[in-house]
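Following: one structure in structure tokens, then a few remarks.
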Amino acid sequence: MLRWLTGGESHGRGLAVILEGVPAGLELRAEAVQRELARRRLGYGRGPRMRFEEDRLSILGGVRHGRTLGSPIVIEIANSEWERKWTEEMSPEPGVTARRLTAPRPGHADLAGMQKYGFDDARNVLERASARETAARVAAGAVAKALLGEIGVAILSHVVQLGSVKVTLDRLPTLEDLDRIDSSQVRCLDGEAEELMVAAVRAAAKEGDSLGGAVQVIAHGVPVGLGSYVHWDRRLDGRIAQALVSIPAVKAVSVGEGVEIAGLRGSLAHDAIVGPSLRRATDRAGGVEGGVSNGEPVVATAWMKPLATLNRPVIETVDLATGQSTRSFRERTDVTAVPAMGVVAEAMLALVLADEALRKFGGDSLTEFVRNTTAYLGHEARLPWREGSARS
Ligand code: EPS
């Protein structure tokens, strides 16, 4: 199984992630991780920091000559912002801040974090609550994606809503669509919607406001049998929902057409099982039934609230230094981070699926992991009466 932890603050020296449990022998190049980090910076509506923050990557352990060793993989992402202007303000050495932030931003972690940890400076909260941390998740997700790629799992995402502009889907995107998605200004497949989304971001930016939205994240090629119905914390859909809602500013998740089918009759809501392949005629369940992957694409949607940091703060708050009603402090910010959130959602889905795949198939070396997976798919994943026939 996969264990991973991230550390580091938004304007500190850098971020780090340690992953343990990746089998030995997996091809892993810094460029592949760097590529994913670059994808996370895409999207019209990101703030000025995305232009100069460099995501400087170093692999500190767990990889030799381009292949994993089976030991913990340690990745560091240095913040170029640190050197520019934060060495004093974010110094780990004893000292005091020159500028306490005392008027918490409504909707951000500021106030609850200050109350919980007993801080009188919101910077102690916002530095870690910042979505900068998702760069470390994406680095870990790049490793998980590489592992899943070895057993034929491919993950992608696209924006399905930005502000009030929504996309109507007529098919599930595949990996062949990814270049087009990534070259869209807002990571959206629908050209008409893209134009409206860009206009909406521009209008919100002009007014110092922010926008939320939604992304769909899809995993193709997920083998039958990941997750389990036997206990609440082993249900694959439950794990995916937790992983996606943990992305900063994500407030809702659905698996498959979970929201739409709640209003249908049962006779219309479920996916017919078709012989002899046992594939489903539709994928309303989003590839998970009873908490177990069913061999269809795993599909989830994550909804992000409009970012709480506003370029023109207008919502009432209280200055904790004076007790007076005021407007919150101003921080440089993005107008929207929905396009980037899709790339983070891919990483989180990859990390859950890789963990479940390792739990089911195990293996200290990549060869063992792939052999176990292949053997299961060729044999155990079939029902007894289908012995001898290949699963399509
Ligand atoms: C963020 C605010 C902005 C974003 C940052 C997340 O940073 P800053 O306040 O320094 O301008 O740019 O996102 C990243 C740095 C990143 O790499 O995603 C926030 O408050 O969450």
Side-chain angles (χ1 to χ4, degrees), residues 6-17 33-57 75-90 97 99 101 103-114 121-142 157 187 201 204-205 208-212 215 246-251 304-313 315 317 328-348:
T6 74
E9 273 71 40
S10 181
H11 303 97
R13 189 181 282 272
L15 301 165
V17 58
V33 182
Q34 194 81 59
R35 214 170 24 245
E36 289 296 294
L37 290 174
R39 291 182 64 232
R40 196 194 63 94
R41 298 151 66 86
L42 295 173
Y44 188 74
R46 291 286 259 157
R49 184 166 172 189
M50 286 304 98
R51 288 197 293 278
F52 43 75
E53 184 64 76
E54 284 166 24
D55 289 340
R56 268 187 240 142
L57 179 95
I75 301 176
E76 181 197 71
I77 306 163
N79 292 330
S80 54
E81 272 283 86
W82 154 267
E83 291 148 28
R84 258 175 35 99
K85 56 175 196 164
W86 294 91
T87 48
E88 300 256 315
E89 187 62 17
M90 290 303 294
T97 177
R99 189 173 74 103
L101 301 176
R105 295 161 295 174
H108 217 287
D110 299 345
L111 179 57
M114 290 168 89
D121 179 3
R123 179 154 308 284
N124 287 337
V125 177
L126 71 87
E127 282 291 332
R128 182 64 186 163
S130 161
R132 174 79 191 141
E133 184 263 348
T134 62
R137 301 193 197 195
V138 167
S157 68
R187 304 198 64 253
V201 173
D209 221 325
S210 63
L211 290 179
V215 304
S246 79
I247 299 170
V250 170
K251 296 294 273 183
M304 187 180 215
K305 67 184 180 183
L307 297 175
T309 314
L310 302 176
N311 274 316
R312 192 184 297 163
I315 309 175
T317 186
S328 67
F329 57 81
R330 279 202 55 201
E331 278 279 294
R332 187 182 56 190
T333 183
D334 308 319
V335 177
T336 187
V338 173
M341 190 265 284
V343 179
V344 182
E346 291 175 20
M348 294 306 290

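Start at 1 and go down the list; that is how both ligands and their atoms are numbered.
Shown in contact with Ala131 at under 4.0 Å from a heavy atom are these atoms of ligand 1, numbered in order with element: 6 (C), 18 (O), 19 (C), 21 (O).
The neighbour count for Glu88 CD, taken as heavy atoms of other residues, nucleotides or ligands under 6.0 Å away, does not exceed 12. The local environment of CZ in Arg13 is sparse, with at most 12 non-hydrogen atoms from other residues, nucleotides or ligands closer than 6.0 Å.
Rounded to the nearest 0.5 Å, atoms NZ (Lys305) and NZ (Lys251) are 5.0 Å apart. To the nearest 0.5 Å, atom CG of residue Leu307 and atom CG of residue Asp334 are 6.0 Å apart.
The nearest non-hydrogen atom to atom 14 (C) of ligand 1, considering only Glu133, Met50, Glu53, comes from Met50. Around atom 18 (O) of ligand 1, the closest heavy atom drawn from Arg40, His11, His108 belongs to Arg40.
At a heavy-atom cutoff of 4.0 Å, ligand 1 is contacted by both the backbone and the side chain of Arg132. Of all the heavy atoms of Asp334, the ones lying under 4.0 Å from any atom of ligand 1 belong exclusively to the side chain.
The single protein non-hydrogen atom nearest to atom 1 (C) of ligand 1 is Ser130 OG, 3.7 Å, given as residue, atom name and distance. Of all protein heavy atoms, the one lying nearest to atom 9 (O) of ligand 1 is Arg332 O, 3.2 Å.
For Glu53 and Arg46, the salt-bridge test fails: no basic side-chain N is under 4.0 Å from an acidic carboxylate O. Taking a cutoff of 4.0 Å between a charged side-chain nitrogen and a carboxylate oxygen, Arg132 and Glu81 do not qualify as a salt bridge.
Among the atoms of Arg46, some N or O lies under 3.5 angstrom from an N or O of ligand 1. Not a single N or O atom of Asp55, backbone or side chain, sits closer than 3.5 Å to an N or O atom of ligand 1.
With hydrogens and angles left out, the side-chain atoms of Thr6 and Arg128 include a donor and acceptor closer than 3.5 Å.
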